[in-house]
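Working notes for the structure below.
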Amino acid sequence: MADQHRGTMGGGVLGVHGGGEGHQQQRQPAMMTALKAATAATAGGSMLVLSGLILAGTVIALTVATPVLVIFSPVLVPAAIALALMAAGFITSGGLGVAALSVFSWMYKYLTGKHPPGADQLDNAKARLASKARDIKDAAQHRIDQAQHQASS
């Protein structure tokens, strides 16, 4: 019974207070929504006006620049090709320089015994190559010995 009394009384107090705040909270989101909409409309309109001005400026610049570009195209086209080739040369040179530095770095690490990545594969290839070279040397020596034996007979 005490709980019911407190609940009713608390509910009544909250109901009166809560109703007033609820009304303000309903009005505040509506005002906030209107403010957000006005801000979005202003920002969107500003962006639209700026994009229109940029488009107009681009059209005017192209209109003015087109005759100049047509007149100077015999000079500009070879100049653009030369610039593109020079840029490609510099980029290629830089890339090959970086590759050479990385190879020298790897070789330095390998020769100083720091065991860089791929060193095992190189050691295996070196051992197989040495084995094949030994086999070829032995086969050649065997043939030479056979030829000398046949020549002496």
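Bear in mind the structure is a predicted one, so any value in this text is a computation, not a measurement.
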Under 3.5 Å donor-acceptor pairs involving side-chain atoms of residues 30-42, not counting sequence neighbours:
{"from": "T33", "atom 1": "OG1", "to": "P29", "atom 2": "O", "distance (Å)": "2.6"}
{"from": "T39", "atom 1": "OG1", "to": "L35", "atom 2": "O", "distance (Å)": "2.8"}
{"from": "T42", "atom 1": "OG1", "to": "A38", "atom 2": "O", "distance (Å)": "2.8"}

So how far is it from [X] [atom1] to [Y] [atom2], rounded to the nearest 0.5 Å?
X: I71; Y: T66; atom1: CD1; atom2: OG1; result: 11.0 Å
X: R134; Y: Q141; atom1: CZ; atom2: CD; result: 15.0 Å
X: S102; Y: M107; atom1: OG; atom2: CE; result: 11.0 Å
X: L129; Y: K132; atom1: CG; atom2: NZ; result: 10.0 Å
X: K137; Y: I144; atom1: NZ; atom2: CD1; result: 10.5 Å

Would you say W106 ends up clustered with L111 if hydrophobic residues are merged whenever their side chains have heavy atoms under 4.5 Å apart, either directly or through other cluster members?
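Both belong to a single hydrophobic cluster.
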Between V77 and F72, is there a shared hydrophobic cluster once you connect ILVMFWY residues whose side-chain heavy atoms come closer than 4.5 Å?
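Per the 4.5 Å side-chain linkage, V77 and F72 are not co-clustered.
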Taking C-beta and beyond as the side chain, do H142 and D145 meet within less than 4.5 Å on heavy atoms?
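A side-chain contact is absent here, since even the closest heavy-atom pair is not under 4.5 Å.
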S131 (side chain) donor-acceptor with A127 (main chain) under 3.5 angstrom:
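Checked: no pair found.
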Donor-acceptor check, side chain of S93 to backbone of F90, threshold 3.5 angstrom: yes or no?
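No, the answer is negative, given that no donor and acceptor are paired below the 3.5 Å cut-off.
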Qualifying residues under ring-ring contact (aromatic ring centres under 6.0 Å, His included), relative to Y108, sequence neighbours excluded:
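By the ring-ring contact (aromatic ring centres under 6.0 Å, His included) rule, Y108 matches no residue at all.
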Is it the case that atom CD in Q146 sees more than 12 heavy atoms from other parts of the structure closer than 6.0 Å?
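Atom CD in Q146 is crowded, with more than 12 foreign heavy atoms closer than 6.0 Å.
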Show every donor-acceptor pair shorter than 3.5 Å between a side-chain atom in residues 49-62 and any protein atom, with sequence neighbours excluded, or say none if there are none.
{"from": "S51", "atom 1": "OG", "to": "M47", "atom 2": "O", "distance (Å)": "3.3"}
{"from": "S51", "atom 1": "OG", "to": "L48", "atom 2": "O", "distance (Å)": "2.8"}
{"from": "T58", "atom 1": "OG1", "to": "I54", "atom 2": "O", "distance (Å)": "2.8"}

Please report the C-alpha distance between D123 and K126 in whole Å, then the side-chain angles of each, then the deciding distance to 0.1 Å, and finally whether the side chain to side chain contact (heavy atoms under 4.5 Å, CB included) criterion is met.
CA-CA 5 Å; D123 291 337; K126 190 178 5 174; 4.1 Å; yes
If I compare all heavy atoms of V70 with all of S73, which pair ends up nearest, and what's the gap?
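Closest approach of V70 to S73, heavy atoms only: O-OG, 3.1 Å.
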